Amino acid sequence: MNQVFEILGFLLIVLTLIMQWEINVQRIIFLFAASSFIIALFLVLLGLSRPQEEYMLFILAGLTIAVRGITIPVVMNKALHRLYEKPWRVREDKPMLGVGGSILLSLVLIAIGYFIYQNSLYSILKVRSGSVPFALFLQASLLIITHKHAYIQMIGFLVMENAVVMLSGWVFGGLPFIVEAGVILDLLGLVVVSSLIIRVRERTILQEGISSEAELRG
Amino acid sequence: MNQHIIYLLPIFFSLFGALLCILPFRYMDRTLSVIASVLTLSSAIYLLFQPSYINGYFYIDGLSKLLILTIAMVYISTVLYSLPYIKHLGNLLFQHRLYYFLLNVFVATMFFSVIMDNLGLIWVGIEATTVSSALLIATQNNQVTVESAWRYVIIVSTGLVISLIAITFIYGSAGTLSLHKLLLTHPDNRVFLIGILLGIVGFGTKAGIFPMHTWLPDVHGKAPAPVSAIFSGVLLPVALYAMARLIQIYPVGTVRLFTFILGTLTVITASLMMTVQTNYKRMFAYSSMENMGMILIGFSLGGYGLLGAVIIIVSHGLAKSGVFFLTGDVLSRYHTTEMRDVNSLMQRLPRAASSLFIGSMAVTGAPPFAIFVGELFIFSALIAQYGWLMALVIILFLAIAFIAVNFKTGKMIFSENEKIKREKPHLESWIAIVNLILSFLVILFIPYFELLLKNLL
């Protein structure tokens, strides 16, 4: 089973890499939906390998498909349709990294994730390829940092959450069902609220351009 | 009455208020929010005299009860202040009833976070505060508020993902997320330790702890006054509550030292940033950050340090919300948050000006306010554990913060301009004054706080 998990983990990393160099927002949303389906498959397989918890994990897989795989992408897509006349043409105008740079940096991050895991956590966790969720987490952070488009930043955050689901399942056998369900509900609420904020934000920027005052200092 | 229900009353009343707020009747939202907040405060006071309640679902001890009380007090004052304030705000993003709905839900999620026994559900509650409060920041629809709401969502949620990883580690190593079980077993292994440390960093993002604090000044600086007040007064302490629980379940030297360092760096950063602020709301936001740093130091020290931290939580919650209400008053008259454009406040609004001066003294820890007493407790524990030198370093930065805030506030208040005439004060400034008085009166209840926290000291 571990090898199957490794293949799924590898697929998730590849999908995130593609998100990294893709500039079309709608395609990035579809890629996220695809990665959520992989997470659901992962949960089903995890359930099969743990007969004592299989029903909870199957329910969780169903929730993941319903919320992360379908509802969240649909909500984001609808928000895109409301905001833009041609939503299929919405893109990141000025990505901070080119395709070459993003691939290189992503590979470096995968290597860093592997190095940190092997040299610190592996001796404690004893899980082979446990670095995959960490690499995914770092990739998602890169997605947030290197993009200015709010939808892509949101997707980066959602990929991070997917990485946590994978980490908890792969390395620790999952979180209690009530917590996982709460996390999914929170996620759904967050996406709905964020879509509203993003819609207002993009509409204002489209109408007025970015004002110098809006460049917050932190 | 069933014992369960008594402990759930604060959540029940705030949620009940929220749900009824969306009914399309005139003034229903306002009236119900006031009723809900009054009932919530009454139940919070009643709870204070009930025994601790720990049953596998809920973990309500003295610390939870004091936080419930603080949330309830800031809640009622925020609702009362919002009644006239929101009415006069232009260009709202949504209807009034949605504002009150979100405010009530926000308060309910904070109550949820401080009563749960399960660390995972505490995380769910704290993340839910982000969901319910993000739109409140953008109540006034303009590019800057919307941008700060977005920054808040993305930075805080990313930070909270770190604490979710932490919870995964804790569950993976201890096999439970129940606070009372973790306190009984005190698991001791490296995975657990990593989980605790990651949790402190993750929840620290929400509490405005260095280095993940960057959302805080933007949000406090741009949100409407009542929202800044409730954020600063109780949202930050709710996140600190989760950190306090993490320290409580694994009170080893590494965790304490790590938290102490984060707290100290937060105080240093906030104090230095306060000296260069030109925007009064941002300056008070950094002052909140400085107070959160001191509270974290108190938690890290434990014993009387923890008592001091709790005194600061209650007193700061009341005083800082009062100060933010007053900044709302100033903003509504001067239409700017830039300090250079605000002058002769004492001539124009003597009541608000004198209250603001007292408030700024209170939040910077001037005697005889309760924050000063809380800091004294923290320093007594600090000197015992880290010596005089460390205490002097922190005192130095507190002094910098004290001078920066009071000098700048004083300049706004006491500068003179013959052309400026006295104006009729807003009635709502009384809410700020009541909060400041209550913040001072906290001193009288310190022995009772000690009694409530005796199992933690």
Side-chain angles (χ1 to χ4, degrees), chain A residues 120-121 123-125 127 133-134 137 140-141 144 150 153-154 156-158 160-161 163-165 167-169 171-176 178-194 196-205 207-211 213-218, chain B residues 93-94 102 118-121 123-128 130-135 137-138 141-155 157-158 160-162 164-165 167-173 175-178 189-191 193-194 213-219 221-222 279 282:
Chain A
S120 56
L121 290 171
S123 59
I124 312 168
L125 301 175
V127 177
F134 290 102
F137 183 81
S141 313
I144 295 177
Q153 290 181 336
M154 191 69 216
F157 165 71
L158 295 168
M160 255 183 200
E161 288 265 359
V164 179
V165 175
L167 174 81
S168 70
V171 182
F172 300 114
L175 284 170
I178 184 148
V179 177
E180 293 272 21
V183 171
I184 288 177
L185 271 179
D186 265 346
L187 212 58
L188 187 61
L190 199 68
V191 169
V192 172
V193 166
S194 300
L196 274 168
I197 294 174
I198 294 170
R199 209 167 77 203
V200 179
R201 179 182 185 256
E202 298 290 308
R203 193 173 285 160
T204 327
I205 291 173
Q207 283 167 359
E208 302 167 13
I210 297 178
S211 77
E213 209 195 344
E215 299 280 351
L216 298 167
R217 284 169 280 177
Chain B
L93 182 63
F94 36 70
L102 289 169
N118 184 305
L119 270 179
L121 291 180
W123 185 91
V124 169
I126 290 179
E127 179 67 346
T130 313
V131 177
S132 51
S133 62
L135 281 174
I137 299 164
N141 181 10
N142 61 54
Q143 209 178 110
V144 183
T145 56
V146 174
E147 186 64 30
S148 29
W150 175 243
R151 275 188 68 136
Y152 169 65
V153 168
I154 202 75
I155 297 175
S157 300
T158 305
L160 285 176
V161 171
I162 298 174
L164 188 59
I165 295 176
I167 282 160
T168 312
F169 272 61
I170 292 170
Y171 184 65
S173 59
T176 180
L177 288 174
S178 160
N189 59 59
R190 280 169 69 192
V191 180
L193 175 66
I194 294 170
H213 61 277
T214 53
W215 66 272
L216 191 144
D218 284 339
V219 167
K222 303 299 175 195
N279 175 318
R282 284 177 73 89

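In this text the structure is predicted, and so the values were computed from the model without any measurement. Just so it is clear: chains get the letters A, B, ... in the order the sequence lines come, proteins before strands, and each one is counted from 1.
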Is N189(B) in contact with chain A via its backbone, its side chain, both, or neither, using a 4.5 Å heavy-atom distance? neither

Which bit of P133(A) comes within less than 4.5 Å of chain B, counting heavy atoms only: side chain, backbone, both or neither? neither

Going by side-chain contact (heavy atoms from CB on, under 4.5 Å), L164(B) matches just one of V165(A), L167(A), L175(A). Which one? L175(A)

Rounded distance [0.5 Å steps], CG in L135(B) versus OG in S194(A): 9.0 Å

Honestly, the part of L185(A) sitting under 4.5 Å from a heavy atom of chain B is neither

Measuring only between side-chain heavy atoms, which start at C-beta, is Y152(B) closer than 4.5 Å to I197(A)? no

Any heavy-atom pair between the side chains of I198(A) and W150(B) that's under 4.5 Å? yes

When the 4.5 angstrom heavy-atom criterion is applied to V153(B) and chain A, the contacting part is side chain

Please classify the contact between I167(B) and chain A as side chain, backbone, both or neither, with a heavy-atom cut-off of under 4.5 Å. both

Counting heavy-atom pairs under 4.5 Å with chain B, the top scorer among A140(A), G156(A), A163(A), P176(A) is P176(A)

Using non-hydrogen atoms and a 4.5 Å limit, figure out which bit of I155(B) sits close to chain A: side chain, backbone, both or neither. neither

Counting heavy-atom pairs under 4.5 Å to chain B, which of V193(A), D186(A), I144(A) comes out on top? D186(A)

So for L93(B), is it side chain, backbone, both, or neither that comes closer than 4.5 Å to the heavy atoms of chain A? side chain

Ranked by heavy-atom pairs below 4.5 Å to chain A, first place among G120(B), S132(B), G221(B), S157(B) goes to S157(B)

Let me know if L187(A) has heavy atoms under 4.5 Å from chain B in its side chain, its backbone, both or neither. neither

Do Y171(B) and V179(A) touch side chain to side chain, with heavy atoms closer than 4.5 Å? no

Below 4.5 Å from any heavy atom of chain A, which atoms of A138(B) appear? Answer side chain, backbone, both or neither. neither

Quick one: are V171(A) and F169(B) in side-chain contact, heavy atoms under 4.5 Å? no

